[in-house]
Protein chains: 2
Amino acid sequence: MKSNLYERKAQIFKALSNPVRLEIIDFLADGEKCVCEIVENLNYEQPHISKSLIKLKEAGLIKDRKEGLNVYYSLKICCMGDFFNCLNKILESEPKL
Amino acid sequence: MKSNLYERKAQIFKALSNPVRLEIIDFLADGEKCVCEIVENLNYEQPHISKSLIKLKEAGLIKDRKEGLNVYYSLKICCMGDFFNCLNKILESEPKL
DNA sequence: TTATAATATTCCATTTTTGGAATATTGTCA
DNA sequence: TGACAATATTCCAAAAATGGAATATTATAA
C-alpha cells in the first residue's frame, strides 16, 4: 500500500476528528440538509458551520448541491454508518467516559 | 447524544488521523507485535513509534501486554477492519489521489 | 438596480500537533 | 552489582488546527 494512500486516509480521519464536524455528520445521516437547517439545529455560528462543511467536503465525506440561494449537503460515504454504530456500541459500554 | 460522546469519538478519529499511526494499525492487523518488530518493519525512529503507540492506546484503539523487556501491542476495536476495507475500496476508485 | 437572505472567505490569536534529538526507565543476564 | 537491550519520556521549534469576528460573494426578488 502506498504512502499517499495513508496520507489520504489520514485526511479523512482528520476531517472526522472534531466534535462539531461529527455532529454535522450525525445530522446529515438523517438525509440531505441545507446549510441554514444545519445552522438552525446545531448551535454554532454560521461561518463555523460553513468552514466545517467545507473541510468535510474536501475530505470527500459529503457532497453539495446548489439550489437558488441554498446549498444542500449530504453524506457521500456509505460505510460510515456501520462504523459509527460500532463505535457507539463500544463507547456506550466504556467504563468511564 | 451527549456532547462528550462527540468529544470521545473525535479523540478516536484524531488518533487515526496520522499516516504513521495508520501504518501501525495496518501492521497490527496482522496480529500482535512487539515494539521492536514495529520499529524494524516500519521506517521510523523508535521514539516516534513509541509515541504513536501511546496515542493509539490512549484513544482505546490498541492494547499492550508486557513480557520481559518487550511490550506487545494489538488491535482492540473489531469493526475497524470493515471500515478500513470500505475506505480502501473507495480510495482505490478515486479519480485522482 | 438595489436590498436582502444564504453561504463562503479572510484575518487573527491561541492552542494543539508534529517529529527530531537527547535522555530516562525498566527488565534481564552475567 | 553493572552492562545492555527494549521501551518510554522530555524538550523543543515548526507547522497545523481552532474558533471568533468581520467581511465578501452570490442569487433572488421587488
Side-chain angles (χ1 to χ4, degrees), chain A residues 3-4 6-25 27-28 31-76, chain B residues 3-4 6-25 27-28 31-76:
Chain A
S3 155
N4 28 359
Y6 286 119
E7 295 278 354
R8 179 68 187 86
K9 252 190 262 185
Q11 184 201 12
I12 290 178
F13 286 118
K14 194 161 288 183
L16 292 170
S17 73
N18 174 281
V20 178
R21 295 194 293 267
L22 287 176
E23 211 171 329
I24 292 176
I25 292 273
F27 189 59
L28 291 182
E32 190 188 59
K33 309 280 182 195
C34 74
V35 178
C36 54
E37 288 176 285
I38 302 174
V39 170
E40 272 166 27
N41 280 273
L42 313 189
N43 226 10
Y44 305 100
E45 300 293 326
Q46 177 270 320
H48 192 176
I49 295 282
S50 203
K51 280 187 283 187
S52 300
L53 286 166
I54 285 160
K55 189 147 197 174
L56 287 169
K57 187 186 160 193
E58 280 172 352
L61 294 168
I62 63 178
K63 63 189 175 199
D64 65 342
R65 177 177 72 80
K66 288 166 214 255
E67 191 179 307
L69 267 179
N70 298 316
V71 179
Y72 292 88
Y73 283 92
S74 54
L75 295 188
K76 203 174 153 193
Chain B
S3 155
N4 30 359
Y6 286 119
E7 295 280 355
R8 179 67 185 86
K9 250 190 265 186
Q11 185 201 12
I12 289 178
F13 286 119
K14 194 162 289 183
L16 291 170
S17 72
N18 174 282
V20 177
R21 294 194 294 267
L22 287 176
E23 212 172 328
I24 291 176
I25 292 273
F27 188 59
L28 291 181
E32 190 188 58
K33 308 280 182 195
C34 73
V35 178
C36 55
E37 287 176 286
I38 302 174
V39 170
E40 272 167 26
N41 279 273
L42 315 188
N43 226 10
Y44 305 100
E45 299 293 324
Q46 177 271 321
H48 191 179
I49 295 282
S50 202
K51 282 188 282 187
S52 300
L53 286 166
I54 284 159
K55 189 147 197 174
L56 288 169
K57 186 186 162 194
E58 279 171 354
L61 294 168
I62 62 177
K63 62 188 174 199
D64 64 343
R65 177 177 71 81
K66 288 166 216 253
E67 193 178 307
L69 267 180
N70 296 317
V71 179
Y72 291 88
Y73 283 93
S74 55
L75 295 187
K76 202 175 153 191

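Chain A is the first sequence line, chain B the second, and so forth, proteins listed ahead of strands; every chain is numbered from 1. Computed from a predicted model, the values in this text were never measured in an experiment.
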Using whole Å, report how far CD of A/Q46 lies from P of D/dG19.
16 Å
Which part of the nucleic acid does B/Y73 contact within heavy-atom distance under 4.0 Å: base, sugar-phosphate only, or nothing?
sugar-phosphate
Answer yes or no: is there a side-chain heavy-atom contact under 4.5 Å between B/N70 and B/Y72?
yes
Assign each of A/K14 and A/E45 to its nearest nucleotide of DNA chain D by heavy atoms, then name whichever residue's nucleotide is nearer the 5' end.
A/K14
Hey, can you pull the residues of residues 47-58 of chain B with a non-hydrogen atom under 4.0 angstrom from DNA chain C?
B/P47, B/H48, B/K51, B/K55
Between C1' on D/dA6 and CG on B/N41, what's the gap in Å once rounded to a whole number?
16 Å
For residues 43-56 of chain A, which residue pairs pass the salt bridge (charged side-chain N to carboxylate O under 4.0 Å, His left out) check, not counting sequence neighbours?
none
Atom pair CD1 (A/I24) and CG (A/L61), whose distance is rounded to the nearest 0.5 Å:
11.5 Å
Show me the side-chain donor-acceptor pairs of residues 11-22 of chain A shorter than 3.5 Å, one per line, residues at least two apart or across chains.
unit_1: A/Q11; atom_1: OE1; unit_2: A/R8; atom_2: NH1; d: 2.9
unit_1: A/Q11; atom_1: NE2; unit_2: A/E58; atom_2: O; d: 3.4
unit_1: A/S17; atom_1: OG; unit_2: A/K14; atom_2: O; d: 2.7
unit_1: A/N18; atom_1: OD1; unit_2: A/V20; atom_2: N; d: 2.9
unit_1: A/N18; atom_1: OD1; unit_2: A/R21; atom_2: N; d: 3.1
unit_1: A/R21; atom_1: NE; unit_2: A/A15; atom_2: O; d: 2.7
unit_1: A/R21; atom_1: NH2; unit_2: A/K14; atom_2: O; d: 3.1

Of all residues at least two apart in sequence or in a different chain, which pass the side chain to side chain donor-acceptor pair (under 3.5 Å) check with B/K57?
B/D64
Note: contacts of residues 61-68 of chain A with DNA chain C (heavy atom, under 4.0 Å) are none
State which residues pass side-chain contact (heavy atoms from CB on, under 4.5 Å) with B/K63; sequence neighbours excluded, sorted by chain then number.
B/S74, B/K76
Which residues pass the ring pair (Phe, Tyr, Trp, His ring centres under 6.0 Å) test with B/Y44, not counting sequence neighbours?
B/H48
Its 5'-most and 3'-most nucleotides having an atom under 4.0 Å from a non-hydrogen atom of chain B, DNA chain C is contacted over C/dT17 to C/dT28
Side-chain donor-acceptor contacts of residues 32-43 of chain B below 3.5 Å, not counting sequence neighbours, with atom names and distances?
unit_1: B/E32; atom_1: OE1; unit_2: B/R65; atom_2: NH2; d: 2.9
unit_1: B/E32; atom_1: OE2; unit_2: B/R65; atom_2: NE; d: 2.8
unit_1: B/E32; atom_1: OE2; unit_2: B/R65; atom_2: NH2; d: 3.4
unit_1: B/K33; atom_1: NZ; unit_2: B/D30; atom_2: OD2; d: 2.9
unit_1: B/E37; atom_1: OE1; unit_2: B/C34; atom_2: N; d: 2.9
unit_1: B/N41; atom_1: ND2; unit_2: B/E37; atom_2: O; d: 2.9

Mind checking the CG-CG spacing from A/L28 to A/L75? Nearest 0.5 Å is all I need.
5.0 Å
Let me confirm one number: the OH-OG distance from A/Y73 to A/S50, rounded to the nearest 0.5 Å.
6.0 Å
